[in-house]
Structure formats: structure tokens, C-alpha cells
Amino acid sequence: MAIYTEKVIDKKTGQKIDKLVDGKKQYYIRTYVTDEFGNKKQITRHNKNWIGRDGYWEANQEENRLRNTKIQNKIISFLKLCNYYLEEQKQINKESTYYTYYKLINRWVIPFFPNKQTNEISTDDCLKYRKIIFDKKLSLAMKNKCHIIVSSILGYGVKMGYIDKNFEQLLGQFKEKNEKVDKNTIRYITYEQFKKFIKNIDDITWKTFFIFLFYTGMRKGEVQALSWEDIDFKNKQIFVTKSLTAKTFDSPYKITNTKTKENRRVDMNNYLTNQLKLYYKVQSKNVDFNKKDFVFGGKAPLSRTTIDRYKHIYFEKVDFNEITIHEFRHSHVSLIINEAVKQNLDMLGVFVMLSERMGHTIEVMQQTYMHLFPNIQNKVINILDNLDNKN
């Protein structure tokens with residue numbers, strides 16, 4: 001809330017000056033709502049005949065009165081607030097992202113705030129919601145997805161003037177009792193483990209598929225979307241220009257941009273190239289073969305459930321824990337880092353190369369994989385010690 005005067009441009013100086021009424025300043029009051037990010041949104045302009053010195057004091061008294069009066073927010077149902085929020089997300093996000101929000105909100109949010117109006121939502125409601133979610137057999141990551149989405153909805157409500165405070169944000173993320181979660185821990189399989197794993201696969205499609213995952217580190221959606229047109233055997237390169245998502249409302253799958261919306265090239269080693277050539281030779285014998293076909297699946301891509309089912313079958317044949325498809329990506333990065341360390345390569349150059357190969361930003365690479373690199377601090381100390389020894 002603030003008292004202000006109308007401004008006009010002085011024709012002589014070009015500067016902003018107070019607009020005068022009968023030679024005196026006229027005062028106004030603006031009322032704002034501040035969202036969770038500190039952005040102000042004007043919701044009311046109080047325009048009375050507050051003119052001159054006396055007018056200023058009258059405006060000041062009115063401002064104090066308004067400050068002591070609770071501003072009534074616009075009242076709508078929580079369900080309607082969720083729908084407004086989803087409508088905004090639909091406009092600014094890819095369909096797959098919107099699909100995830102839609103499913104999450106309808107499954108894990110709306111049913112737990114029945115018949116609530118926005119002016120009725122309190123810290124108590126959020127605490128009750130959190131207890132229900134905490135008692136569910138959900139992973140910590142899933143519980144915090146629920147926290148983040150509720151906080152985002154309430155934050156949107158604050159921004160639009162429907163709610164006073166983002167109570168869920170104030171409560172913070174879920175934490176497991178007596179359990180410290182190492183954010184740097186990522187799961188992967190080693191080169192030796194992969195060799196054991198792949199040895200048990202006789203089917204050429206699945207053998208090629210898992211070799212492809214391990215030696216490229218590409219995202220699952222990128223591999224599913226790949227067509228034979230994207231493979232350059234001569235230069236041993238893969239053109240990564242698209243991804244596949246099953247998170248759609250009106251079809252089994254859709255082909256979209258890559259996650260970062262940027263195209264890239266991934267070089268292939270000899271082992272992968274030779275295996276892919278062998279697989280191509282088998283596939284190209286099909287009567288209806290076309291280079292526009294999906295590399296894995298043919299006329300239709302392999303589905304997520306089919307991939308997971310066969311992965312589980314082959315992991316049951318080995319003596320180490322099963323990893324997710326995404327963790328083949330982690331395995332690829334770990335493989336390159338370990339080999340780079342053994343060969344004493346320039347780790348900064350390796351880091352940049354991996355960033356480009358994986359389609360990651362440098363920031364994401366740092367957050368996800370930096371702890372796998374050798375301790376750079378030791379090298380820094382060695383440099384300083386060598387300087388001291390020279391003196």
C-alpha cells in the first residue's frame with residue numbers, strides 16, 4: 001500500500017513532475033498484493049479528493065485505516081484454483097510436462113482438499129495433507145513432488161490474490177526420520193557388470209538396445225524416437241533431434257523436441273557401430289522396411305512397459321541389483337569418467353565433452369556428476385605447495 005501523486009512530463013525540461021490541481025498536489029492510494037517472489041500486483045486504486053497539505057494527512061489516515069483492515073481476497077473453490085493453475089501450465093509447458101502436472105494434481109492433491117474455499121485454506125489444512133501423504137507408501141522424492149505441486153498452486157493463488165499466504169511453502173520439504181539422504185549418490189553398473197548382463201541376452205533386438213543405452217548414455221525417449229535416418233554409419237554418428245513421450249491425452253505417444261530443445265550428435269565406438277550394423281542387416285530384410293522406421297520397434301516404437309519388462313527379465317539372470325533405464329545414462333557417464341582418470345586425461349576437457357554428449361547444461365552436469373570426478377582441491381593444493389617449495 002502506498003500514497004502517491006500523479007506525474008506529468010514537463011514540456012520544457014522533459015522531466016517528470018507532480019500534476020497540480022489549482023496549484024496543489026493531489027494524492028492517491030494504491031493497494032498491492034505481493035506474491036511469493038516479491039512481485040507486486042496492483043489490485044485497488046483509491047481516488048478521493050485529497051488535495052494539498054490537508055489532503056495528504058487525510059490520505060495518510062485512510063492508508064492507516066486500510067492497513068488495519070484485512071483485505072478480502074477474491075474467493076473461489078480450491079478445485080477452481082487448481083483448474084486455473086493447470087490452464088496456465090498448459091499455456092507455458094510442453095504437453096508431457098502438463099500431463100505430469102495434471103495426473104499428479106488429480107491423483108494426489110484435489111482429493112485431499114474436498115469442498116475447500118481459498119479463504120478457508122490454512123496451515124492446519126496443509127499439516128493434515130502432509131500427514132496423509134507422509135503415511136502413504138511413497139518414496140521421499142514422490143512425497144516432495146506432492147509438496148512442490150501444492151506449494152506451486154498456493155503460490156499461484158497468492159499471485160492472483162485468492163490466498164493470503166503460501167502455507168505449504170512455509171512448512172518446507174518432507175524429510176525422512178533419522179535418515180540422511182546423500183544427494184550425491186547415483187546408481188550405476190560398472191563395465192564388468194554390464195559385460196555379465198549383456199552376455200545373457202540372445203535376442204538381437206534387446207542385445208542391441210541395451211548396448212546402445214550403455215555406450216551412448218542417451219535418454220530413453222531419445223532412443224525410442226530414433227529412426228534409421230538418424231544413424232550415420234559412415235561417420236559413426238547419431239543425430240539426436242527428437243524425443244518420444246507417452247504422456248499425452250489423445251494418442252499412445254508423440255514425437256517432440258529433445259528435453260533441452262537442442263539437437264546434438266553422439267559419436268559411436270566401434271563395438272556399438274558393429275552391433276548396430278549387424279542389427280540393421282537383420283531389420284532391413286523385412287519386406288516393408290523403411291529408413292523412416294524406428295530403430296527399436298519398426299513401425300511403432302518400443303513401449304515403456306515392454307522395455308521395463310524385458311530389462312527385469314535379463315537382470316534376474318545376474319547377481320547384482322537391477323537399475324532403471326535412466327541409470328544406464330549414469331552408467332555411461334561413470335564409465336567415461338573412470339576410464340579418463342585411468343588414462344590421466346584432462347578432466348576439465350572430459351567434463352565439457354560429456355556435457356555436450358549428454359545434452360546437459362554445465363550446471364546440470366555439476367549438480368549430477370561433479371562428485372564422480374577426482375578431487376580437484378588436491379591438485380590446487382599441490383600447485384600452491386610447489387610455489388612455496390620454489391621460494
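If you chain together hydrophobic residues whose side chains sit under 4.5 Å apart, Val158 and Val109 fall into the same group. In this structure, Ile189 is a member of the same hydrophobic cluster as Val223, with clusters built from ILVMFWY side-chain heavy atoms closer than 4.5 Å. Cluster membership check: Ile313 shares its hydrophobic cluster with Phe197, using side-chain heavy-atom separations under 4.5 Å among Ile, Leu, Val, Met, Phe, Trp and Tyr. Hydrophobic clustering, with ILVMFWY side chains joined whenever heavy atoms are under 4.5 angstrom apart, groups Ile231 together with Ile204.
Residues Tyr85 and Ser152 have side chains in contact (heavy-atom distance under 4.5 Å, counting atoms from C-beta outward). Counting heavy atoms from C-beta outward, Met218 and Phe212 have side chains that approach closer than 4.5 Å. Looking at heavy atoms from C-beta onward, Gln283 lies in side-chain contact with Thr205 at the 4.5 angstrom threshold. Side-chain contact between Arg357 and Val333 is absent, with no heavy atoms from C-beta onward closer than 4.5 Å. The shortest side-chain heavy-atom distance between Phe328 and Ile323 falls under the 4.5 Å cut-off.
Taking the six-membered ring for Trp and the full ring otherwise, the centers of Tyr280 and Trp228 sit less than 6.0 Å from each other. Between Tyr156 and Tyr84, the gap from one ring centroid to the other reaches at least 6.0 Å. Separation of the Tyr310 and Phe210 ring centroids does not fall under the 6.0 Å cut-off.
Geometrically, Arg265 does not engage Phe239 in a cation-pi contact, judged by NZ or CZ lying under 6.0 Å from the ring centre and within 45° of the ring axis.
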Which pairs would a plain distance check flag for residues 287-298, meaning a side-chain donor or acceptor within less than 3.5 Å of a matching protein atom at least two apart in sequence or in another chain?
unit_1 : atom_1 : unit_2 : atom_2 : d
Asn290 : OD1    : Lys292 : N      : 2.8
Lys292 : NZ     : Glu229 : OE2    : 3.3
Asp293 : OD1    : Lys299 : NZ     : 2.8
Asp293 : OD2    : Asn290 : N      : 3.0
Asp293 : OD2    : Lys299 : NZ     : 3.3

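Sorted by first and then second residue, the salt bridge (Lys or Arg N to Asp or Glu O under 4.0 Å) pairs with a member in residues 319-334 read Arg187-Glu327, Lys311-Glu322; sequence neighbours excluded. The salt bridge (Lys or Arg N to Asp or Glu O under 4.0 Å) analysis of residues 102-123, with sequence neighbours excluded, yields the pairs Lys116-Asp125. Counting only residues at least two apart or in different chains, salt bridge (Lys or Arg N to Asp or Glu O under 4.0 Å) contacts with residues 191-219 comprise Arg219-Glu222.
More than 12 heavy atoms of other residues, nucleotides or ligands lie within 6.0 Å of NZ in Lys94, so this atom counts as buried by the packing criterion. Within a 6.0 Å sphere centred on CZ of Phe315, other residues, nucleotides and ligands contribute more than 12 heavy atoms.
Shown here are the salt bridge (charged side-chain N to carboxylate O under 4.0 Å, His left out) partners of Lys242, two or more places apart in sequence or in another chain: Asp230. For Lys128, there are no side chain to side chain contact (heavy atoms under 4.5 Å, CB included) partners two or more places apart in sequence or in a different chain.
Taking the six-membered ring where tryptophan is involved, the planes of His326 and His330 are perpendicular, since the angle between them exceeds 60° and thus also 30°. Taking the six-membered ring for Trp and thresholds of 30 and 60 degrees, Trp206 and Phe209 have ring planes more than 60 degrees apart, a perpendicular arrangement.
By the 4.0 Å N-to-carboxylate-O rule, Lys254 lies close enough to Glu95 to be salt-bridged with it. A salt bridge links Glu88 with Lys159: the distance from a Lys NZ or Arg NE/NH1/NH2 to an Asp or Glu carboxylate oxygen falls below 4.0 Å. A salt bridge between Lys131 and Asp135 is present, with a side-chain N of the basic residue lying under 4.0 Å from a carboxylate O of the acidic one.
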I'd like to know whether Gln275 forms a side-chain hydrogen bond (donor to acceptor under 3.5 Å, both in side chains) with Thr208, so could you lay out the CA-CA distance, the side-chain angles of the two residues, the decisive distance to 0.1 Å, and finally the verdict.
CA-CA 6 Å; Gln275 179 64 34; Thr208 308; 3.0 Å; yes
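Between the side chains of Thr306 and Ser303, a donor-acceptor pair is found at a separation under 3.5 Å.
Remark: the backbone N or O of Thr100 is not paired with any side-chain donor or acceptor of Lys247 at under 3.5 angstrom.
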